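I have placed the structure first, in the form of structure tokens, so that the comments after it can refer back to it.
Letters A, B, ... mirror the listed sequences (proteins, then strands); counts begin at 1. The model shown is predicted, which means the values in this text are computed figures rather than measured ones.
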Amino acid sequence: MGQFTTVCTAIPYVNSVPHIGNILTDLCGDVTARYLRMRGDQVFFQVGTDENGLKIKESAEAQGRDPYEFVAEIAQRFRDIFDATGISYDDFIRTTEPRHVAACQALFRTLRDNGHIYLGTYEGWYDVSTETFFREEELKDGKSPDGNEVRWVSEDNYFFRLSAFSDRVLAHIESNPNFIRPENRRNEVISFIKQGLRDICITRKNPGWGIPVPDQPELVIYVWFDAVINYIASTGYPNPGFEAKWPPAVQWVGKDILTRFHATLWPAMLMAADLPIFDTVVAHGWVLLSGEKMSKSRGNVVRPLELADELSSRTGISQPIAVDALRHFLTATMALEADSSFSYEEFDFRYNADLANDIGNALNRSLSMAHRFAEGIVPASPVEAEAEEAVRGAKLEYEIAMADYRIPAASAAAFGLIRWLGKYTDSRAPWALAKTNDPALPGVIRSMLHAVRAAEGLVRPMLPSTADAIAAQFGLPPLSEWDAIGSEESLPVGHALGQPQPIFPRLEIEKKAAPAKSAPKAEKTKPMPEATPETKPAPNPAPAADEQITIDDFLKVKLRVARIVEAEPVEGADKLYKLQIVVGEEPRQLVAGIRKSYTPEELIGRQIVVVANLKPAKLRGVESQGMLLAATDETGAAILLMPDREAPEGATVR
RNA sequence: GGCGGAGUAGCUCAGUUGGUUAGAGCAAACGGUUCAUACCCGUUAGGUCGCCGGUUCGAGUCCGGCCUCCGCUACCA
């Protein structure tokens, strides 16, 4: 047993059935794993489900279900979808499994023994639905930044000394340019860490669900702290032998969980435990639908199997081939550095253009020509030089892309070979050569077959069922060794080829009349910011509406004259004053960022103009019940607005 | 506000270290071909390479400023 090449994927939280965006992480991991296996690596490919956390327990109970049974059912659904979409995992780990619990507790113990975990009192606001603590100043209108309910908690908990690892994590990122991919995410992480990392509270009071803290079962480990440990638990940690699979070569994650968890917390945890760190973490963007993130609450989700089933019923292709169509869409159109969009039109379009017209037709036409002009066997004449060159070039381009985990670029290399074949076939025109009994004919036929057989190997990581179907029509075993791509042995001379059979029947897409010019298809890529929530049947956006408001709009803003009675700096802030003011008779507290421009003495006693009906908000933990009006000079300094002469206290301004 | 990214043909995007007529795919128009799943091939787009200025013999490609969009992050009320 040698060293494994380990591929990890972020595990989804089991609170709903996955949509096509959710499986993107696993698909990326799968393509990577399949590619590396073809390269000859002994691959260990981990996937799984994240099942702890209070939210799960509450969801289960809300349905009157036993939590264990509840998560088991949902985890199975994920597993079924992974299986059906061809995710070739070697291990499916659930965070409720004993092996994961044991790994968490072992790691926790190690960190506690090392002094990287300490006991402290946590007091603050807690958002149950995301299991996150918030500082006072992070709250918005008494709710979490995401708008969830929060409750005040005060409990003794363990903290992880994340702050102590800022420098080391940063140094690691900076000295390993490939540690975080793609580049733009790397920059985001660096600037995040440079602001300093705070220690993180990593336990919660045990609600009867979760992983108990060793020796202190009244506490459970925070779900995020526990979740990332699954990667190493999957390799067998802490049992001897896990080192054969640890550390991973690559860890795939969605962009939303990169910065806080996989690029900072998780490496810091590994450092603290003296464990090796994975080579690379790659973050991909989201798959948007009509420009919006898919979410169950929005009701705009596309489920992978439903999509495949629908395609399958429209074309008559088998489900695995339909799944490949989905895999192709995602791997070809995704961009690592940005979000990508899904639409049904685009999906059909890609199916016809890339799969039916390009790869399907290339196979069909090459095989039928071989039967027509070469008696259905692989001719002995040598492959023409330009075909050798095209295959070699595509293969190299593919390898370069995959070395950097640029899956869409690898896909483009594979399809580029197919497109090359179309031009080649036309330029050599075997049907014309046949008429004149040209001796070049067999070499051309063999070259075409050579290219298709190579393409089978190149698309195999993305489209495993399609690749199998191509091999089957060739009457050859699957081309599953990378080095065999483009080789003599992969396509033996004299081999009797199978009969061609369309793999991807063309979809009939009714051509739209001609709305091409007038309506740019409802702005699929850049949805205009719509103020109106909910339904939007006939948007008809009024363009100038932004720039002009009505008098009624203006009168909604209640401006009043107020007097400053006290001014003191806000602790821990260097721009803010806490001001006590009176609006008429009514005392108010304001927070204002004018410390650079005024001393407290200059402020006290002055009359100012304030927005009196502004929703209170917290800045740096201090409530501000309004906003004062000020102009800004060219340096950005504030210039207070004041009445021209003493105004009646609390006078209305308009 | 800070940091970062992006702005290239109708659409999706490529464009290495600055260098001859700025590219690909798709869509559209026209033409060709018939081996193939009405498929494939060729031609056509006359694109101010976001705007302004600068460096240079020469800039999409470097520098400065500005505009717009996006991401991250804030002591923005």
Footprint string (nucleotides 37-45 of chain B, 5' to 3'): B base within contact, S backbone only, - free, heavy atoms under 4.0 Å: B-SBSS---
At under 4.0 Å between heavy atoms, what does [X] touch on the DNA or RNA strands: base, sugar-phosphate, or nothing?
X: Gly626(A); result: sugar-phosphate
X: Ser368(A); result: sugar-phosphate
X: Val591(A); result: sugar-phosphate

Selection from A77(B), U34(B), U73(B) that lies nearest to any side-chain heavy atom of Arg260(A): U73(B)
Say we look at [N] and [M]: how far apart would their [atom1] atoms be, to the nearest angstrom?
N: G60(B); M: U55(B); atom1: P; value: 16 Å
N: C66(B); M: G2(B); atom1: P; value: 10 Å
N: G50(B); M: C70(B); atom1: C1'; value: 15 Å

Test: Arg365(A) and Asp426(A) ion pair at under 4.0 Å: yes
SB check Glu397(A) Lys395(A) (cutoff 4.0 Å): no
Output field: ring centroids Phe347(A)/His328(A) closer than 6.0 Å: no
Side-chain donor-acceptor contact under 3.5 Å, Asp199(A) with Ser163(A): yes
